[in-house]
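Just so it is clear: chains get the letters A, B, ... in the order the sequence lines come, proteins before strands, and each one is counted from 1. We use all heavy atoms of the structure for the numbers below, so side chains are in, but hydrogens, waters and symmetry mates are not.
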Amino acid sequence: MIPTSEVFELIAALMLFVAIWAQVGSFVLSKIQVIIIQTTLLSIYTVLLGIYESSIALIVLAILIIFLRGVVTAYILLRKFPERSQLVRESSTTVPSIIILSIGVIIVSLVVYQIALFPVIQSLPDSVQRIANPPIIALGFVIAIQGFLLIATRKNKVTQFTGYIEIENAMVLLSLGIFPLPLVIEISVLLDVLALVIVGSVLLSGSLNSERLEDLTG
Amino acid sequence: MYMVMLLPLFSALFYFSNFIEQASKVGSIITVILSIAILTLSQGTYSFFDINQVNRVLIISVSSVYSLAIFFASKYHSNLERVEHLKLHFSLMGVFTFTMLFTLLINNFGLMWIGIEGTTASSALLLIIERQKNQIEAAWRYVLIVSTGLSIAIISIILVYLYYNTLDASLIISKHHPDSLLLSVAGIAALIGIGTKVGIFPMHTWLPDAHGEAPSEISAMFSGILLPVAAYVLYEFYEATYTPIVTESFFIFIFLTLLFVALIMASQKNIKRMFAYSTMENMAMITLGLILGTYGLIGALLIILAHAFGKSSAFFSSGNILGTYGTKDMNAIRGVRDRLPSTAISLLGSSLIVTGAPPFGVFIGEFFIIYQLFIGKNYGLAASIIVFLFIISVSVMYKVSTMVFDGNDQSHERLNLNVTQKATALIAFALSFLVTFIFLGGLL
C-alpha cells in the first residue's frame, strides 16, 4: 500500500514535470495543453485531499478548478488561435539553453527554499507543523519560479499567460500545502483569474508576440 | 457607505442604454457628495466593511477624481469614431471605481486582494479605447506584470491566515504581535507583490508604459487614485506583519525607488511618462508616511489628497496639450503660455504641487514625513530623501517651464480647446490648492 503522503507528493512532482515541459516545448499549442494537464493534476490533488480530510469545501474547490481553469480558460485561449493552430511556433525559443536554464533555476529554487523558507516552517508551532507539508511547499515554490521563468524568457503572449496560470496553480498548491484558505477566498481568486483571462484574451487580438516599441522605452 | 460603493456600478449598467454619459456624470457627483458624508460616520467596523482615518480620505479622493475624469472624458473622446467604444469606456470607468471603493472598504485581507486584482481586470481595457498598437502592448504588460506580482501577495495572505487564523483586517491590526520569522516573510511577500501595483522599484516596469499610453483621464485615475489605493492595501498588510526586518525592507525599497526616479527623471522626453515617474516618487513618500505613523501618517494623508487632484490636473493638462499639439514629446512642445493660457496655468500649478513646492499640500506632507524620520533618528534616509526630492523637483519644473515659457512669440495663434477640458484641469488644480487650507482649517 502506497502511503497517502507519497501520492500527494507524486501528483505535485508531476505538476513540476509539466511545468518543465512548458519550458521545453516550442509549439504554442502545447502551452495550452500544459494548462489543461497541470490544472487537472491540481484538481486531482485537491479532490484527494478533500476525501482524505473529509472536506466538502476542498472537493467543491477541485470541481471549480477543473471547470474554470482547465476547461473555460483553455477554451478562451484556444479560440484565439488561427485555424491551423498546430503550426504556431514560438519565434524566440532556443530549446537546449532553456532546458539547462530551467534545471539550473530548479536547483537554485530548492537551495533558496532550504536556506530561506524551510526555517520558517520549522519555526511554526507544532499544531501548525502537523498540517504543513514541506515537500509540497517546496514543489509549489519551484513551480511558481518556473512560471516566472516562462514569463521572463518568452515573447509569445500565450506562453507568457501560461506562465501566469502556472504561478496561480502553484499558489493554490502552496495554500493546500501550508494552510488552506477559506473557500470563499479560493473561489474569488479563481474567478478573478478567469476575469483576467477574458481581459487578456481581448489583448491577444492582433500580434501574438509581445513587442519592443520605441514609445515604450525610457 | 453601500451607496457610495454601488453607485458607480449602477451607473455602469447604463451601458445598455443611450444615457450612459449622463448617468455617469450624475452618478459621479452623487458619489462625491456621499463620500464626503462618510466623514460624519464614526470610525469602526460595519458588517463586512471598515471605516478608518486613512480609507475615508481615500474614498473622497477616489470619488472626486472619478467625477472629474468622467467630465473630462466626455469631451476628450468626443471625436471617437465608434460610439460603442465610448459607452464601454464610461461603463468600465464605473466598474473600475467600484473595485477601488470595494478594496478600500472591505475588512478582509483575502477580499482586499480580490479587490485590487479586480482593479487590474476592470481597468486594463480602459487603456485601449483608441485600439492603438502601443496601447495594446502597454495594457498587456500592465495585466501580466501586475497580476504576476500580485500572485506573490497570495503567499502573504496564506501566512497571515496561518498566523492569526483569521483574515479580518481590523481585528488583526488591533492585535500587537511579537517579532516573528513567519510574519517577516509575509511582510516581504506583500511588499514585493502589492508593491508591484504601487510602483515600487524594481517592480514598477508596467507603470510608465500604462500611464504613458492610457487616455489622459485614465492616467489621472491610475496615478491619482488607483496607486494610492494599492498603497493603502500595502499599508494594511504592513500593519499586520511589521517586524524590524519588514520595516527595514520597506525603507530600502522606498530609498531605491526615490533614487531611481531621481536618476531617470532628467532624461524623460515624453510628458506623460515624466508624470508617471513623478507618481512613483509620490507613492514612495505616501507609503513611507503611512508606515512611519504619527506625523508621517498626517503627511501621507495630505499627500494622498493633494496629489490626487494635482496629478489629475497634470494629466488633464497633458491630455489638452496632446490633443492640440498632437505630440507627447516635450522637445516639440513650446509656447504653451500663449497658445493654451489656461492649460499653462493648470500644468505649471499642478507640476508645482506634485513636485512638492511650498506652500502646497504635498510640500507640507513631505515636510511632516521627513520630520518623522528625524524624530525616529533616521538621519541618513531623511537626508537622502531631501536630495532626491530636490533633484526630481528641479528636473520636472525645468521641463515644464520650458514648455510653458519658451517659444512664446506673437506669430502663434491661440489653439482651440473645449471649455470642459480646460475647466476640468483648472478645477482639479484649484481643489489640490484647497487641500492646504482644508488642512490648516483643521478639517483633515
Side-chain angles (χ1 to χ4, degrees), chain A residues 116-117 119-125 128 131-132 140-141 144 147-148 151-152 157 160-161 163-164 166-168 170-172 174-182 184-189 191-200 202-207 210-218, chain B residues 108-111 113-118 120-125 127-128 131-148 150-155 157-159 161-163 165-167 180-182 184-186 208-209 212-213 264 267-270 273-274 277 328:
Chain A
L117 297 179
V120 179
I121 298 164
Q122 283 183 317
S123 74
L124 298 174
V128 178
I131 304 168
F141 179 68
F148 285 116
I151 292 171
K157 289 179 180 174
Q160 290 177 336
F161 219 84
Y164 170 63
E166 263 185 24
I167 296 168
E168 290 292 342
M171 291 303 148
V172 176
L174 274 175
S175 162
L176 297 174
I178 300 173
F179 198 61
L181 288 170
V184 65
I185 304 294
E186 294 277 20
I187 293 173
S188 306
V189 171
L191 291 172
D192 239 10
V193 172
L194 181 66
L196 279 168
V197 170
I198 294 165
V199 169
V202 174
L203 300 174
L204 278 173
S205 307
S207 171
S210 185
E211 297 168 70
R212 181 182 166 83
L213 299 167
E214 191 59 36
D215 286 348
L216 302 183
T217 52
Chain B
N108 179 295
F109 280 115
L111 295 175
W113 183 93
I114 307 293
I116 204 82
E117 186 78 307
T120 312
S122 58
S123 63
L125 297 182
L127 266 73
I128 59 167
R131 306 292 194 270
Q132 290 173 0
K133 198 176 178 183
N134 284 355
Q135 290 179 333
I136 294 173
E137 181 64 25
W140 175 258
R141 291 183 191 182
Y142 168 52
V143 167
L144 193 73
I145 297 170
V146 170
S147 306
T148 307
L150 286 173
S151 301
I152 300 170
I154 294 178
I155 296 172
I157 297 169
I158 297 167
L159 297 180
Y161 187 53
L162 178 64
Y163 189 88
N165 216 1
T166 176
L167 289 172
S180 148
L181 190 58
L182 180 79
S184 296
V185 174
D209 294 344
E213 293 306 319
I264 203 164
S267 64
Q268 291 309 303
K269 292 175 186 162
N270 179 320
R273 287 180 80 88
M274 178 184 75
Y277 283 116
K328 288 180 255 184

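- When each of Y163(B), Y161(B), W113(B) is scored by its heavy-atom pairs under 4.5 Å with chain A, the top score falls to Y161(B).
- Minimum interatomic distance between F179(A) and I158(B) (heavy atoms only, all atoms of both residues): O-CG2, 4.0 Å.
- Both the backbone and the side chain of E117(B) come within contact range of chain A, each with at least one heavy atom under 4.5 Å from a heavy atom of that chain.
- Residues V199(A) and A121(B) come closest through the heavy atom pair CG2-O, 3.3 Å.
- Proximity to chain A (any heavy atom under 4.5 Å) is shown, for S267(B), by neither the backbone nor the side chain.
- With a 4.5 angstrom heavy-atom cutoff, L191(A) does not touch chain B via any of its atoms.
- Nearest heavy-atom pair across E168(A) and S151(B) is OE2-OG, 2.9 Å.
- Of the two parts of I114(B), the backbone and the side chain both hold a non-hydrogen atom closer than 4.5 Å to a non-hydrogen atom of chain A.
- Only the side chain of I151(A) comes within contact range of chain B, judged by heavy atoms closer than 4.5 Å.
- When D192(A), V120(A), V189(A) are compared by the number of non-hydrogen pairs under 4.5 Å with chain B, D192(A) comes out ahead.
- Listed here is the closest heavy atom pair of P182(A) and L167(B): CD-CD1, 4.2 Å.
- The two residues S188(A) and L111(B) make their nearest non-hydrogen contact at OG-CD2, 4.2 Å.
- Residues meeting the ring pair (Phe, Tyr, Trp, His ring centres under 6.0 Å) test with Y164(A), sequence neighbours left out: F161(A).
- When I152(B), I264(B), L159(B) are compared by the number of non-hydrogen pairs under 4.5 Å with chain A, I152(B) comes out ahead.
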Could you go through S175(A) and I154(B), starting from their C-alpha distance and side-chain angles, then the distance that decides it, and tell me whether this counts as side-chain contact (heavy atoms from CB on, under 4.5 Å)?
CA-CA 9 Å; S175(A) 162; I154(B) 294 178; 5.7 Å; no
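- Interface summary for chain B: among I198(A), L196(A), V184(A), the most heavy-atom pairs under 4.5 angstrom belong to L196(A).
- Contact count against chain A (heavy-atom pairs under 4.5 Å) is highest for T148(B) among V143(B), T148(B), I157(B).
- Of the atoms belonging to I167(A), it is side-chain heavy atoms, and not backbone ones, that fall under 4.5 Å from chain B.
- Residue contact with chain B, scored on non-hydrogen atoms closer than 4.5 Å, involves the side chain of V202(A) exclusively.
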When you look at K157(A) and E137(B), which way does the side-chain contact (heavy atoms from CB on, under 4.5 Å) test go after all the steps?
CA-CA 10 Å; K157(A) 289 179 180 174; E137(B) 181 64 25; 4.0 Å; yes
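- In this structure, chain B has heavy atoms under 4.5 Å from both the backbone and the side chain of P119(A).
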